[in-house]
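First the structure, in the form of structure tokens, and then the observations on it.
Quick note: residue numbers are just sequence positions, from 1. No experiment lies behind these values; they were computed from the predicted model shown.
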Amino acid sequence: MSKERAKRGTLPPAQEQIEKFEKVVEEGNYYGAQQLYKSISARYVAAQRYTEALDILQSGACIQLKHGQVTCGAELAALFVDTLVKGKFPYDDETLVRVRKIYKQFPKIPVPQQLGDDDDVQRLSETLGTAKTCVEGCSSFLKAAIKWSAEFGAPRGGAPEIHVMLANYMYFESPEVDMVRVAQHFVRGNNPKEFASTLVHFMGKCYPGEDDVAIARAILMYLALGNLRDANVLMDEIKKQVEAKQLEFPKSDLMQFINFLLETMLRDAFPLFNMLRSNFKSTLDREPSFHELLDEIAEKFYGVRRRNPLQGMGMFGEIFKMMGGD
């Protein structure tokens with residue numbers, strides 16, 4: 001008997017374990033099941049039976065999340081990604097399907113909109129705490145999956161499909177939405193039309209003056225990555241959706257600047273680019289980070305190198321570092 005067969009002979013097929021552990025979960029013994037998922041999957045990893053370890057961890061993460069055990073499910077989801085790395089699994093459609101199945105099981109927590117008595121306030125506080133736990137768990141899982149994908153065959157910035165998953169979950173499930181972070185992942189994704197839908201949704205609930213800033217930031221972030229195509233797709237799609245929903249597209253100097261900028265980027269016209277920046281300086285001052293993004297755009301499209309790239313960029317400097325700076 002070969003060494004590999006000897007290893008395989010010590011452990012039963014993974015499906016037997018999965019069925020056994022699912023019964024433990026269905027009985028409500030979530031903690032006991034968690035220990036089984038962790039300890040037994042570790043044995044399969046030690047035996048280099050990585051695919052079966054993934055099967056066990058995927059099943060465990062999904063069923064724990066399905067039963068609302070977010071901390072347990074997120075822990076198994078993280079171990080799932082660790083096993084992808086240990087087994088050196090390539091980024092491909094099959095593995096992406098696995099990641100998506102776990103992602104879809106993370107709960108969506110409805111937050112009450114109207115408060116009556118103290119009990120309502122208490123329930124709201126508990127709901128917000130649960131929602132925060134879900135977002136943290138899902139974000140940690142997907143960020144780890146993005147890192148794995150970047151190391152094993154995805155584009156340098158990580159799997160675009162996973163970036164879109166993370167952007168969506170952060171936007172729709174976070175108790176306090178950070179549109180900068182949401183945009184950071186959408187622009188690394190592969191679905192500008194879905195990003196447009198999210199921005200149109202945001203326009204319907206944000207404070208006055210936030211809508212045009214969110215749109216401008218998204219366009220500039222695409223351009224700062226050298227992605228003129230998706231910047232144009234995003235703008236066209238926002239306008240289409242706004243018109244279809246009979247909403248009003250923001251009319252502001254900032255939107256006028258963005259429209260002029262997109263036209264300018266279609267030609268090799270650095271003097272015109274600089275003239276736009278000068279003429280709309282007071283408008284761009286609304287969001288100081290816009291100037292830094294435009295410096296990045298000038299470097300990407302016109303080869304104008306900054307003296308100290310990423311210095312003084314604050315939050316956006318950190319974002320570009322995380323995004324790979326390319």
Side-chain angles (χ1 to χ4, degrees), residues 108 110-111 113 135 160-161 163-267 272-273 276-277 279-294 296-297 300-301 315-316 319 323:
K108 295 175 172 56
V111 177
Q113 300 299 312
V135 171
E161 301 90 345
H163 277 291
V164 173
M165 293 180 213
L166 181 52
N168 269 316
Y169 200 85
M170 290 174 68
Y171 176 75
F172 287 104
E173 305 307 325
S174 295
E176 296 181 4
V177 178
D178 183 342
M179 285 304 293
V180 175
R181 298 293 176 182
V182 170
Q184 170 200 341
H185 290 290
F186 263 125
V187 299
R188 276 295 190 188
N190 59 351
N191 199 332
K193 291 186 178 181
E194 192 164 352
F195 190 9
S197 297
T198 301
L199 285 169
V200 171
H201 184 275
F202 178 72
M203 287 166 59
K205 69 173 192 175
C206 66
Y207 292 108
E210 288 185 333
D211 48 4
D212 62 343
V213 170
I215 295 169
R217 181 191 299 122
I219 297 295
L220 293 176
M221 289 178 79
Y222 268 130
L223 293 176
L225 290 174
N227 191 346
L228 177 58
R229 181 197 64 189
D230 284 351
N232 278 297
V233 171
L234 179 70
M235 182 59 94
D236 291 343
E237 188 65 23
I238 291 173
K239 290 177 179 177
K240 285 180 188 175
Q241 292 190 26
V242 165
E243 183 178 355
K245 296 184 182 211
Q246 297 184 322
L247 301 173
E248 187 172 342
F249 188 84
K251 292 183 175 67
S252 68
D253 289 344
L254 184 56
M255 286 296 91
Q256 189 177 21
F257 168 78
I258 290 296
N259 283 319
F260 285 150
L261 178 65
L262 287 172
E263 292 177 13
T264 302
M265 302 311 296
L266 294 173
R267 64 190 78 172
L272 181 56
F273 175 87
L276 277 175
R277 291 190 67 173
N279 290 347
F280 284 88
K281 183 181 181 303
S282 60
T283 298
L284 296 170
D285 286 343
R286 287 176 56 190
E287 180 72 61
S289 57
F290 286 169
H291 293 292
E292 305 296 343
L293 285 166
L294 286 162
E296 185 76 12
I297 292 165
K300 270 289 186 296
F301 286 87
M315 175 166 49
F316 274 88
I319 287 173
M323 291 166 73

Measuring from [X]:[atom1] to [Y]:[atom2], what's the distance to the nearest 0.5 Å?
{"X": "Lys108", "Y": "Phe172", "atom1": "NZ", "atom2": "CZ", "value": "10.0 Å"}
{"X": "Met221", "Y": "Asn227", "atom1": "CE", "atom2": "CG", "value": "12.0 Å"}
{"X": "Glu263", "Y": "Asn232", "atom1": "CD", "atom2": "CG", "value": "9.5 Å"}
{"X": "Lys193", "Y": "Gln241", "atom1": "NZ", "atom2": "CD", "value": "9.5 Å"}
{"X": "Leu261", "Y": "Leu276", "atom1": "CG", "atom2": "CG", "value": "6.5 Å"}
{"X": "Phe301", "Y": "Leu266", "atom1": "CZ", "atom2": "CG", "value": "9.5 Å"}

For this session: Please report the C-alpha distance between Glu237 and Phe195 in whole Å, then the side-chain angles of each, then the deciding distance to 0.1 Å, and finally whether the side chain to side chain contact (heavy atoms under 4.5 Å, CB included) criterion is met.
Result: CA-CA 9 Å; Glu237 188 65 23; Phe195 190 9; over 6 Å; no

Any side-chain heavy-atom pair of [X] and [Y] under 4.5 Å:
{"X": "Phe260", "Y": "Leu272", "value": "no"}
{"X": "Met165", "Y": "His185", "value": "no"}
{"X": "Phe249", "Y": "Ile215", "value": "yes"}
{"X": "Glu161", "Y": "Asn190", "value": "yes"}

Exercise. Yes or no on salt bridge (charged side-chain N to carboxylate O under 4.0 Å, His left out) for Lys240 and Asp236, after CA distance, side-chain angles and deciding distance?
Worked result: CA-CA 6 Å; Lys240 285 180 188 175; Asp236 291 343; over 6 Å; no

Side-chain donor-acceptor pairs of residues 203-211 under 3.5 Å, sequence neighbours excluded:
| unit_1 | atom_1 | unit_2 | atom_2 | d |
| --- | --- | --- | --- | --- |
| Glu210 | OE1 | Tyr207 | N | 3.0 |

Minimum heavy-atom separation for [X] and [Y], please, with both atom names.
{"X": "Pro250", "Y": "Met255", "result": "O-CG, 3.5 Å"}
{"X": "Tyr222", "Y": "Phe186", "result": "OH-O, 3.6 Å"}
{"X": "Ile258", "Y": "Met235", "result": "CG2-CE, 3.3 Å"}
{"X": "Asp253", "Y": "Phe280", "result": "O-CE2, 3.4 Å"}
{"X": "Leu254", "Y": "Asp212", "result": "CD2-O, 3.7 Å"}
{"X": "Val213", "Y": "Glu287", "result": "CG1-OE1, 3.7 Å"}

Exercise. Which residue, Leu225, Leu220, Leu228, forms the side chain to side chain contact (heavy atoms under 4.5 Å, CB included) with Ile297?
Worked result: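 Checked Leu225, Leu220, Leu228 against Ile297; only one passes side chain to side chain contact (heavy atoms under 4.5 Å, CB included): Leu220.
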
For this session: Would you please test Val187 and His163 for side chain to side chain contact (heavy atoms under 4.5 Å, CB included) and show each step?
Result: CA-CA 8 Å; Val187 299; His163 277 291; over 6 Å; no

Problem set entry | Parallel, tilted or perpendicular, as decided by the 30° and 60° cut-offs, for the rings of His201 and Tyr171 |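 Aromatic pair Tyr171/His201 classed perpendicular.
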
Exercise. Could you walk me through whether Leu294 and Phe273 pass the side chain to side chain contact (heavy atoms under 4.5 Å, CB included) check?
Worked result: CA-CA 9 Å; Leu294 286 162; Phe273 175 87; 4.1 Å; yes

